[in-house]
Amino acid sequence: MNGRTQKISKEETCPQKNRTVSEGYVGGQTFLWITENNLTDTNQLGDGLLEMIVSPSNLNRAYQQVKRNKGSGGVDKMEVESLQDYLVIHKDELITSILQGNYRPNPVRRVLIPKDNGHRKLGIPTVVDRCIQQAIAQVLSPMYEPQFSDNSYGFRPRRNAHGALRKCQAYITEGYKYAVDLDLEKFFDTVNHSKLIETLSRTVKDGRVVSLIHKYLNAGVQVGSKIRTSEVGVPQGGPLSPILSNIMLNEMDKELESREHKFVRYADDLLILCRSKRSAERTMSSMIHFIEDKLFLKVNREKSQSAHIRKVKFLGYSFYKSKGEGRLRIHRKSVAKMKAKIKELTSRSNGWGNSRRKEVLRQYITGWGNYFKLADMKNRLLRIDEWYRRRIRMVIWKQWKRIRTRVKNLIKLGVKKSKAWEWANTRKSYWHTANSFILKTTITTENLRKAGYVMLSDQYRKVSIKT
DNA sequence: TCTCCTACCAC
RNA sequence: UUUGUGGUAGGAGA
């Protein structure tokens with residue numbers, strides 16, 4: 001199964017490794033291996049932002065990123081494998097049409113993916129558009145990073161969910177026991193274009209860049225063979241979308257900061273910490289007002305609440321306070337999800353082979369345990385482990401039961417008793433060794449306790465890294 | 001120490 | 001069945 005991937009990586013890494021052979025005649029641009037065939041036009045680098053975006057080094061980095069992600073194609077069905085060939089041929093006309101302002105992005109391909117409730121709408125741009133969007137994002141990111149809030153953690157370099165959770169924990173320790181949990185309804189679909197463009201042009205002074213981004217917002221979606229225009233929303237699926245969402249919601253962050261609220265935001269998930277129930281309620285209604293009237297976004301009132309910190313769910317965790325300190329625990333929905341997944345992996349994965357099943361389980365458990373390692377849960381860890389062991393035993397028992405009924409049927413049909421039981425025992429020992437192997441080696445206390453130890457060492461690391 | 005690749009997890 | 005960030009494990013190399 002990994003023969004294919006090895007082959008691909010060999011084929012694709014070789015030209016990159018060998019790129020230095022051309023160093024002699026292409027001078028300073030050698031590291032841009034897309035352009036090494038035709039780089040007569042590299043001295044168009046000005047100080048304009050658009051020129052920075054279409055500069056060979058930036059476009060090259062963007063291309064590399066798009067290729068690395070190995071996403072599927074957009075409406076033109078071009079895949080990332082053929083992207084390089086396309087770019088070396090059409091790079092010049094692409095760049096000039098972008099610079100002249102007559103580049104028209106393709107509409108995005110509509111893909112629906114199942115979510116917990118309902119489905120999520122994705123808009124997948126063509127691979128070429130993903131490159132250009134990535135190039136824009138790469139230039140915008142360093143411009144915006146300094147002005148983004150310290151309390152915003154989603155979609156940002158060197159920031160993660162764990163940082164957001166640590167911050168919540170710190171606020172709770174400081175005595176903020178009530179929280180406003182605001183859920184922005186279908187955030188990506190409801191972004192108001194003119195508000196976003198207005199916010200954008202406050203920082204992005206190059207009007208051509210703003211207009212290019214505007215074109216991406218207006219590119220529309222293709223459903224079947226029809227192209228539908230998009231007056232609101234930013235397509236969920238483009239490299240530009242995450243930073244645009246942060247640019248939009250940075251306005252909200254600034255408002256919260258000017259009101260001196262304690263808050264933590266992860267993408268469109270917002271938690272405002274308050275000292276009292278009354279102030280939480282007041283904050284919630286005034287922030288809903290602000291978000292809907294000033295930012296023209298919609299707040300999902302059913303999912304939003306102001307409540308004691310024990311009741312809120314944030315990034316898969318929930319909170320409580322013990323001995324004056326804020327603590328984290330795994331929200332029960334996350335535990336339920338994990339159980340469902342393990343159930344699926346242990347029972348419905350027939351025909352996968354045992355080593356494969358063991359490997360998949362190990363990967364899932366380590367990933368899961370690693371994400372939820374911030375939770376205070378020695379007891380919880382052991383409970384999960386116990387549950388898992390019972391689950392495996394049950395699977396073994398069920399299989400044995402199935403074998404026994406089958407043996408009885410065979411005897412009824414006239415098969416010799418000894419022959420039937422001999423067969424049964426070989427089946428039994430097969431299943432038993434298969435499953436007890438998993439029981440012993442995959443998860444168990446060792447693996448889960450390891451997650452607990454990692455948590456402790458991580459606290460040390462966290463202190464030193466996190467300034 | 002660093003670079004690159006794969007796989008998985010969370011949001 | 002997509003994008004982004006971060007994390008974990010494994011592999012190849014100097």
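Labels below follow one simple rule: chain letters A, B, ... track the order of the sequence lines, proteins then strands, and each chain is numbered from 1.
Look at NZ on A:Lys337: it is 5 Å from P on B:dC11, rounded to the nearest Å. Between the P atom of B:dC11 and the CG atom of A:Asn160 lies a distance of 13 Å, rounded to the nearest Å. In this structure, the CZ atom of A:Arg166 is 19 Å from the P atom of C:G6, given to the nearest Å. Taking atom OH of residue A:Tyr371 and atom C1' of nucleotide C:U5, one finds them 12 Å apart after rounding to whole Å. Separating the CZ atom of A:Arg158 from the P atom of C:G7 is a distance of 10 Å, rounded to the nearest angstrom. If you measure from atom CG of A:Leu315 to atom P of C:G7, you get 16 Å, rounded to the nearest angstrom. Distance, A:His162 NE2 to B:dC11 P: 10 Å, rounded to whole Å. For the pair A:Glu145 CD and C:G6 C1', the computed distance is 13 Å after rounding to whole Å.
Checking the phosphate oxygens (OP1, OP2) of B:dC5, a side-chain nitrogen or oxygen of A:Arg68 falls inside 4.0 Å. Residue A:Lys333 places no side-chain N or O under 4.0 Å from the OP1 or OP2 atom of B:dA10.
At a threshold of 4.0 angstrom between heavy atoms, the contacts of A:Lys121 with the nucleic acid are absent.
Note on A:Asp150 versus A:Arg159: salt bridge recorded, some NZ/NE/NH1/NH2 to OD/OE distance being below 4.0 Å. Comment: A:Arg156 engages A:Glu145 in a salt bridge, judged by a side-chain N to carboxylate O separation of less than 4.0 angstrom. Using a 4.0 Å cut-off between charged nitrogen and carboxylate oxygen, A:Lys254 and A:Glu251 count as a salt-bridge pair. Contact check on A:Glu81 versus A:Lys70 returns no salt bridge, with no Lys/Arg side-chain nitrogen under 4.0 Å from an Asp/Glu carboxylate oxygen.
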Next on the checklist: Using ring-ring contact (aromatic ring centres under 6.0 Å, His included), reason through A:Tyr178 and A:His308 one step at a time and then give a plain yes or no.
Outcome noted: CA-CA 4 Å; A:Tyr178 290 88; A:His308 192 270; 5.3 Å; yes
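Using bins of under 30°, 30° to 60° and over 60° for the plane-to-plane angle, the ring pair A:His214/A:His193 lands in the perpendicular bin.
Between A:Arg265 and the options A:Asn250, A:Asn151, A:Asp253, a side chain to side chain donor-acceptor pair (under 3.5 Å) holds for only A:Asp253.
Aromatic rings of A:Tyr371 and A:His162 (six-membered ring for Trp) have centroids within the 6.0 Å cut-off, being under it.
Taking CG of A:Leu315 as the start and SG of A:Cys168 as the end, the distance is 7.0 Å to the nearest 0.5 Å.
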Identify all pairs in which a protein N or O lies below 3.5 Å from an N or O of nucleotides 1-4 of chain C, and state each distance.
unit_1	atom_1	unit_2	atom_2	d
C:U1	OP2	A:Arg109	NH1	3.2
C:U1	OP2	A:Arg109	NH2	3.4
C:U2	O2'	A:Gly237	O	3.3
C:U3	OP1	A:Gly71	N	3.1
C:U3	O4'	A:Gly237	O	2.7
C:U3	O2'	A:Gly238	O	2.9
C:U3	O2'	A:Pro239	N	3.3
C:G4	OP1	A:Asn69	ND2	2.5
C:G4	OP1	A:Gln134	OE1	3.4
C:G4	OP2	A:Asn69	OD1	3.4
C:G4	OP2	A:Asn69	ND2	2.2

Checklist entry - Tell me, what's RNA chain C's dot-bracket, Watson-Crick or G-U with both distances under 3.5 Å, | for other-strand, [ ] crossing? => result ...|||||||||||
